[in-house]
Amino acid sequence: MTDLSLTQIKEIRAAVLGAAAKVPGTLIGMGILFIILGMIGIAGQTLFSFVTINVLGAFLIFAGVLQFAHALKSSGWKSVGIQVLLAVLYIAAGVYTWAFPIPALEAITLWLAAIFFVTGVLRLISAFQHRHFNEWIWLVLSSAISILMGVLIMSGYPESSWLVITVLGPRSTFID
């Protein structure tokens, strides 16, 4: 086997690495950048979970205030007391979410797991009720995915609380 000259090694290096070989330190700089971005991404999951739960708390408080205003405007309506009670519950849930974000994340994770599991079971029942249609298999597949999501969330609980809200929260309507 013949030894390669220094110029041949540089040519091979330039061919393999392309433009990155022409600028010294580019690969090292890109490696450092990717490490930093990866750390931000990992920390971002926790940060976005806290942001999401705080936004949810704000929405709950806002919804409670609107519910209370609606109850006050509906003085002749029979269920004004129920509307006021709902308003108080919304506001209390929002304050609890702000005061105790970690238990709120865990509670919402349990709620999502239950929703996935129950909707999956109900879809499965619906699929078998409509099995005379050719497309019923899609309902079975959808129900299997929902049940699997519920089981997977519960199998990782409570650690999954930090990821489920961030990953599934905004898109959960598309999965359901």
**Q** Stepwise, does the side-chain contact (heavy atoms from CB on, under 4.5 Å) test hold for Phe68 with Val84?
**A** CA-CA 6 Å; Phe68 189 75; Val84 170; 4.0 Å; yes
**Q** Please give me the minimum heavy-atom distance between Gly120 and Ser146, naming the atom from each residue.
**A** CA-CB, 3.6 Å
**Q** Identify the heavy atoms of Trp98 and Asn54 that sit nearest to each other, and give their distance.
**A** NE1-O, 2.8 Å
**Q** Check Thr97 against Ala93 and note the closest heavy-atom contact, atom names and distance.
**A** OG1-O, 2.7 Å
**Q** Within a strict 4.5 Å, meaning less than it, do heavy atoms of the Leu110 and Met154 side chains meet?
**A** yes
**Q** Hey, is the main chain of Trp138 close enough, under 3.5 Å, to the side chain of Ser142 for a donor-acceptor pair?
**A**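 Pair absent, no side-chain N/O of Ser142 close to backbone of Trp138.
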**Q** CD1 of Ile82: more than 12 outside heavy atoms within 6.0 angstrom?
**A**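 Not more than 12 within 6.0 Å, no.
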**Q** Taking Trp136 for its side chain and Phe128 for its backbone only, find out whether a donor-acceptor pair lies under 3.5 Å.
**A**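 No, Trp136 side chain to Phe128 backbone: no donor-acceptor pair under 3.5 Å.
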**Q** Honestly curious: do Ile91 and Phe62 fall in one hydrophobic cluster under the side-chain, below-4.5 Å linking rule?
**A** no
**Q** Checking Ser155 side chain against Leu152 main chain: does a donor-acceptor pair fall under 3.5 Å?
**A**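 Yes; judged by distance alone, with no hydrogens or angles, the pair exists.
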**Q** Say whether Trp111 and Leu89 are linked into one hydrophobic cluster, either directly or through other cluster members, by side-chain heavy-atom distances under 4.5 angstrom.
**A**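 No, it is not one cluster - the side chains of Trp111 and Leu89 are not joined through contacts under 4.5 Å.
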**Q** So, do Gln129 and Ile125 sit near enough that their side-chain heavy atoms are less than 4.5 Å apart?
**A**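 Contact flag for Gln129/Ile125 side chains = yes.
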**Q** Give a yes or no on whether Ile147 and Leu112 share a hydrophobic cluster (residues Ile, Leu, Val, Met, Phe, Trp, Tyr; joining criterion: side-chain heavy atoms under 4.5 Å apart).
**A** no
**Q** Do the side chains of Ile137 and Phe133 join up, straight or via other hydrophobic residues, at under 4.5 Å, putting them in one cluster?
**A**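 Unlinked, Ile137 and Phe133 end up in two clusters.
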**Q** Should we say atom OH of Tyr96 is surrounded by more than 12 heavy atoms from elsewhere, each under 6.0 Å from it?
**A** yes
**Q** Give a yes or no answer on whether the side chain of Ser126 reaches the backbone of Leu122 with a donor-acceptor pair at less than 3.5 Å.
**A** no
**Q** Do side-chain atoms of Thr119 reach the backbone of Phe116 as a donor and acceptor pair under 3.5 angstrom?
**A**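 Yes.
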**Q** Indicate if Ile53 and Val95 have the same hydrophobic cluster label, given that clusters are the connected sets of ILVMFWY residues with side-chain heavy-atom separations under 4.5 angstrom.
**A** no
**Q** How many angstroms lie between atom CG of Leu141 and atom CG of Leu124, to the nearest 0.5 angstrom?
**A**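 Spacing of CG (Leu141) from CG (Leu124) equals 11.5 Å.
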